[in-house]
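Below is one structure, written out as structure tokens, with a few remarks after it.
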Amino acid sequence: MRTCFLIFCLVVLYGDVLASPPTTTIRDIEHIVANTSTPPPANASWQPVSLPYSKYPRPYESMADYEQNWFRIPISELHLNAWSRPSLYIWRHNVRAGVYFNHSFLGGTTQTPPIEQLNISWNHPLLIDITHSIHAPPAQGPSADYIYIKVDSGPGGTTLSPLVFGDRPALEGIYNKRHFLQIEVSFWLFILCCLLSVLGIWLWIQRRDEQLYLEFSALAAFSALTTSFFFLDFVPIGMQAWITLHHAGSAWVLLLMIRFSLDALNLNWPRLKRGMSYGVLAITVGYLLLPPYYLQPVGYSVSLLLTLAGTLLGIYIISLTVRAPTSTRLWFSVAYICLILLQCHDIYYAFLSPPEVHIVASNWMQLSSPLLAIAFFAHLIHRFTNALNVSESLNRTLEARVAATNQELKLSYEKNREFELDNRANEERSKIYRSLHDDLGSQLISIVHTAEDDKQRGLARRALESLRESIYKASNPALSFSQCIRQIHEEAELRLTSAGKHYALVSTSNFEFDLDPGTAYNLTRIVREAISNILQHSNCERVELSLQDAENKIEITLIDNGTGRVVENLQSGGLANIRYRAEQIGAELAWRDVTVGNCLSITLQVPA
């Protein structure tokens, strides 16, 4: 099974080479270590080696302490005349390479500055045109014509892939593909991470209460820093500072990735976040203090541990999604599954594959942090959009409440204004009624007491009564039936108890309706007149006022236990007055026969 998988990988990786026109792949070559700026002599101690060549660096005290590795192959073995434009394709080397024909420099990375300031091309494939080597006169004797490849070692050691010679059009296809995957993709991911970092800052400015946006901005910035390591062909600062910055940036990317995931998924693990933050901060300081030789192994070890922590977190998030899926968990699970697949790809080629497969493989983990930043940014946009939607919904609700409150205030103002106008009108009416009562009422009372003719006195009394009724109606608003009965009860209780009579109110009525001022006034006067006659003619000791429902009517009964007959002693004028008031309110009036005392029944129609 493993053999089949290996064959599949070789077919995929070498497919471009196999499918292209005939080329020559050189694996057997000669090698020598010589710190010279030009190729060593042909009779130097050259040793045969096989490509791919990989050698870990010897201990060094500074990044400037590097080896120059020279490789050579005789021109006679290449058959350059078979191609119209012979070229050399090198798809991997570390850390920079130059190609020579004898002592003539054909191309590659600039070789003159020291390594602390050099241009580097470790991740850049090289395609060198060697056409003019065909037309050079051949050397004689031991100084035969050679193609030399100079490889300067770096902090990661020395690496050289097999050499592919062929016609330039045939090699350009595979060169362009690898250049796109390793350089151009990294460059555009670097640009994208820079933009995402700026957008993260902008989102954080809009919502400063959420640190998640700031964490993402830092994550994208450090991802841009580590991604630049894959496409830059020069060292912008000293090599040791550049390598230190790369490893520190990688540690911060992994830390921020873990923190962002925990915060976005609301996983409350404060001790883990605090411990890892302090740990990465201490590691960053430690990188500045480490000897140069230990910087690379320690840096890769730290990255491996943090990557393992991130992988375990991804597995935990995936398990959470399986048990209780949500849209956020599902999105993060997909992102971490992609990350784990990229890790598995690179782990296989770094530790499990044969050297010839590893040397030609592309590193996919370099894509992981930018791709993860893109996935996280999509979540942030979704989160920000939801927050905006909630904010807009709250604003609409608030606007609706403000509009409703304004309408209520407007109605309240109108009602208050109307009430104020009514109060003023009532005050004016009260002034008029008081004036009428004081002036006209006093004159009518004088006529009642001074008039010699009974007819005039009667007219004056009726006019006075009409005046009082009009003033009562205008001065008193509509009452409920229960309020009217309460006023009748309080007046009856005061008058009867003051006269030494026992008084009681018995009510079984459940009706409740409003009475207009005229009805309330007349009902009150009927009972008042009846009580006056009881006090004058009944000679009773007990009076009872009762209320009882009868279909759509209510019966008000006034009963006493007196010996006198009120109806017989009731003057015709008083009886007529009671009957008149009963007719005014549509009530039925009756004096019922009882064994002892008197019984007056007032039956009132209940409004529908």
Side-chain angles (χ1 to χ4, degrees), residues 181 184-228 230-231 249-250 252-269 273 306-307 309-346 363-393:
L181 291 176
E184 295 180 28
V185 170
S186 297
F187 171 75
W188 288 111
L189 288 176
F190 166 80
I191 297 297
L192 182 60
C193 286
C194 292
L195 293 176
L196 292 180
S197 180
V198 174
L199 289 174
I201 289 290
W202 182 82
L203 291 175
W204 174 73
I205 292 174
Q206 308 305 313
R207 298 183 60 83
R208 298 197 180 195
D209 55 329
E210 291 198 45
Q211 293 296 113
L212 198 64
Y213 298 103
L214 199 59
E215 288 181 358
F216 171 79
S217 178
L219 170 63
F222 280 113
S223 296
L225 172 65
T226 56
T227 304
S228 66
F230 295 99
F231 70 87
S250 299
W252 282 101
V253 164
L254 294 168
L255 169 66
L256 291 169
M257 176 190 74
I258 294 173
R259 287 183 61 97
F260 183 90
S261 301
L262 294 175
D263 292 339
L265 294 170
N266 297 320
L267 298 176
N268 190 21
W269 296 352
K273 293 194 295 184
L306 290 174
T307 301
T311 304
L312 293 176
L313 176 61
I315 294 173
Y316 176 75
I317 292 172
I318 295 170
S319 66
L320 281 181
T321 306
V322 173
R323 293 197 303 268
T326 64
S327 59
T328 302
R329 289 178 179 177
L330 184 61
W331 184 256
F332 274 75
S333 295
V334 172
Y336 272 100
I337 287 173
C338 295
L339 176 66
I340 292 171
L341 291 177
L342 294 177
Q343 291 174 349
C344 292
H345 172 275
D346 282 12
N363 292 322
W364 289 0
M365 273 296 290
Q366 71 191 59
L367 309 177
S368 61
S369 57
L371 293 179
L372 205 61
I374 295 172
F376 287 173
F377 183 73
H379 167 72
L380 279 187
I381 291 296
H382 178 70
R383 185 187 187 100
F384 188 78
T385 304
N386 285 344
L388 286 181
N389 292 336
V390 171
S391 178
E392 290 178 359
S393 176

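- The CG atom of Leu203 sits 11.5 Å away from atom CG of Leu214, with the distance rounded to the nearest 0.5 Å.
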Decide yes or no on side chain to side chain contact (heavy atoms under 4.5 Å, CB included) for Asn389 and Ser393, but give the supporting numbers first. CA-CA 6 Å; Asn389 292 336; Ser393 176; over 6 Å; no
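- Considering only heavy atoms from C-beta on, Ser250 comes within 4.5 Å of Thr226 through its side chain.
- For Ser319, there are no side chain to side chain donor-acceptor pair (under 3.5 Å) partners, not counting sequence neighbours.
- Atom CD1 in Ile317 sits 6.5 Å away from atom CG in Leu267 (nearest 0.5 Å).
- Contact of the Tyr213 side chain with the Gln206 side chain is not registered, since no non-hydrogen atoms from C-beta on lie closer than 4.5 Å.
- When side chains are defined from C-beta on, Leu265 does not count as touching Leu320, because their heavy atoms never get closer than 4.5 Å.
- Shown here are the side chain to side chain donor-acceptor pair (under 3.5 Å) partners of Ser228, two or more places apart in sequence or in another chain: there are none.
- Under 3.5 Å, the side chains of Thr307 and Gln343 contain no donor-acceptor pair of N or O atoms.
- Inter-residue side-chain proximity for Leu196 and Phe216 is flagged as met; some heavy-atom pair is nearer than 4.5 Å.
- Annotation: side chain of Phe376 is in contact with side chain of Phe332 (closest heavy-atom distance under 4.5 Å).
- Within the structure, side chain to side chain donor-acceptor pair (under 3.5 Å) contacts touching residues 325-334 (residues at least two apart or in different chains) are Thr321-Ser333.
- The two residues Pro370 and Thr227 have their closest heavy-atom pair at CG-OG1, 3.3 Å.
- With sequence neighbours excluded, the residues that form a side chain to side chain donor-acceptor pair (under 3.5 Å) with Glu210 are Arg207, Arg383.
- Counting only residues at least two apart or on different chains, the side chain to side chain donor-acceptor pair (under 3.5 Å) pairs with a member in residues 195-204 are Ser197-Ser217.
- Under the 30°/60° scheme for interplanar angles, the aromatic rings of Tyr316 and Trp269 are found to be tilted.
- Applying the side chain to side chain donor-acceptor pair (under 3.5 Å) test to every pair with at least one member in residues 253-268, sequence neighbours left out, gives these pairs: Glu215-Arg259, Arg259-Ser277, Ser261-Tyr336, Asp263-Lys273.
- Going from atom CG of Leu342 over to atom CD1 of Ile337 covers 12.0 Å, rounded to the nearest 0.5 Å.
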Kindly determine whether Leu225 and Val253 satisfy side chain to side chain contact (heavy atoms under 4.5 Å, CB included), including the steps that lead there. CA-CA 10 Å; Leu225 172 65; Val253 164; over 6 Å; no
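- With a 4.5 Å cut-off on side-chain heavy atoms, Leu380 and Phe260 count as touching.
- Phe377 has its side chain within reach of Ile381: a pair of non-hydrogen atoms, C-beta onward, lies under 4.5 Å apart.
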Ile340 and Thr311: CA distance, side-chain angles, deciding distance, side chain to side chain contact (heavy atoms under 4.5 Å, CB included) verdict: CA-CA 7 Å; Ile340 292 171; Thr311 304; 4.0 Å; yes
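- The minimum heavy-atom distance between Leu256 and Leu219, with the atom names listed, is CD1-N, 3.5 Å.
- Summarising the geometry of Ser186 relative to Phe230, their closest heavy-atom pair is OG-CB, 3.7 Å, with the distance given to 0.1 Å.
- Note that the CG atom of Leu254 and the CG atom of Leu372 stand 9.5 Å from one another [nearest 0.5 Å].
- Here SG of Cys193 is found 8.5 Å from CG of Leu371. Values are rounded to the nearest 0.5 Å.
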